[in-house]
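The next block holds one structure in the form of structure tokens; read it before the comments.
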Amino acid sequence: MTAHSVRITVNHAAPVPPYEQVRAQLADLISVGRLRQGDRLPSVRQLAADLGLANNTVVRAYRELETAGLVRTRRGSGTQVVAPPSIADSKEKLAEQARLFAISARQLGATYEEALAAIRHALAQADSV
């Protein structure tokens with residue numbers, strides 16, 4: 001998707017489901033203000049075609065964004081951003097990223113200790129940058 005200079009991509013080889021990749025990227029764009037209140041998202045069909053996904057995959061991503069209170073979908077009007085960027089504070093964003101990592105770690109078959117070691121290693125590398 002390219003609108004308002006934003007880009008959504010899907011890695012079909014990633015362990016995170018495509019709907020979750022779309023949902024997370026759109027939620028991040030809303031939280032940092034790249035997508036603002038009143039901005040329209042592409043139609044389900046358009047975004048699905050752009051990303052090579054089934055329509056139902058995009059429907060699920062949009063539905064989850066709506067459940068989170070970030071967008072509103074109205075028949076005939078499409079899907080619009082309703083939440084101001086301040087809704088997702090840094091702690092909520094960190095918790096969401098941790099949840100996504102945990103899902104990926106489990107799908108990769110990592111143990112609890114291996115997942116924690118990977119996080120510790122990544123934090124140590126981030127500290128040295």
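Just so it is clear, the model here is predicted, and its values are computed rather than measured. Excluded from the calculations below are hydrogen atoms, water molecules and symmetry mates; all remaining heavy atoms, backbone and side chain alike, are included.
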Practice item. Would you check, one step at a time, whether the test side-chain contact (heavy atoms from CB on, under 4.5 Å) holds for Leu41 with Gln80? Key: CA-CA 6 Å; Leu41 298 183; Gln80 291 183 313; over 6 Å; no
Is [X] linked to [Y] within one hydrophobic cluster, defined over Ile, Leu, Val, Met, Phe, Trp and Tyr using a side-chain heavy-atom separation of less than 4.5 Å?
| X | Y | result |
| --- | --- | --- |
| Tyr19 | Leu26 | no |
| Val44 | Leu51 | yes |
| Val16 | Ile8 | no |
| Val59 | Val81 | yes |
| Leu123 | Phe101 | yes |

Locate the shortest heavy-atom distance separating [X] from [Y]; write the atom from each residue and the value.
| X | Y | answer |
| --- | --- | --- |
| Gln21 | Asn11 | OE1-N, 2.8 Å |
| Gly78 | Arg40 | N-NH2, 3.8 Å |
| Ala115 | Ala105 | CB-CB, 4.0 Å |
| Gly69 | Val82 | O-CG2, 3.5 Å |

Looking at [Y], is its backbone amide N or carbonyl O close enough to the side chain of [X] to form a donor-acceptor pair, meaning the two atoms are under 3.5 Å apart?
| X | Y | answer |
| --- | --- | --- |
| Thr57 | Leu53 | no |
| Arg106 | Ala110 | yes |
| Glu114 | Thr111 | yes |
| Glu66 | Thr73 | yes |

Roughly how far, to the nearest 0.5 Å, is the [atom2] atom of [Y] from the [atom1] atom of [X]?
| X | Y | atom1 | atom2 | result |
| --- | --- | --- | --- | --- |
| Arg63 | Thr79 | CZ | OG1 | 11.5 Å |
| Arg23 | Leu65 | CZ | CG | 6.5 Å |
| Leu70 | Tyr62 | CG | OH | 13.0 Å |
| Ile30 | Gln25 | CD1 | CD | 12.0 Å |

Practice item. Inspect the contact between Arg99 and Glu96 and indicate whether a charged nitrogen and a carboxylate oxygen are less than 4.0 angstrom apart. Key: yes
Exercise for review: Step by step, work out the side-chain contact (heavy atoms from CB on, under 4.5 Å) result for Arg72 and Arg74.
Suggested key: CA-CA 7 Å; Arg72 177 181 55 230; Arg74 289 194 178 167; 3.5 Å; yes
Exercise for review: Answer yes or no: does atom NE2 of His121 have more than 12 heavy-atom neighbours from other residues, nucleotides or ligands under 6.0 Å?
Suggested key: no
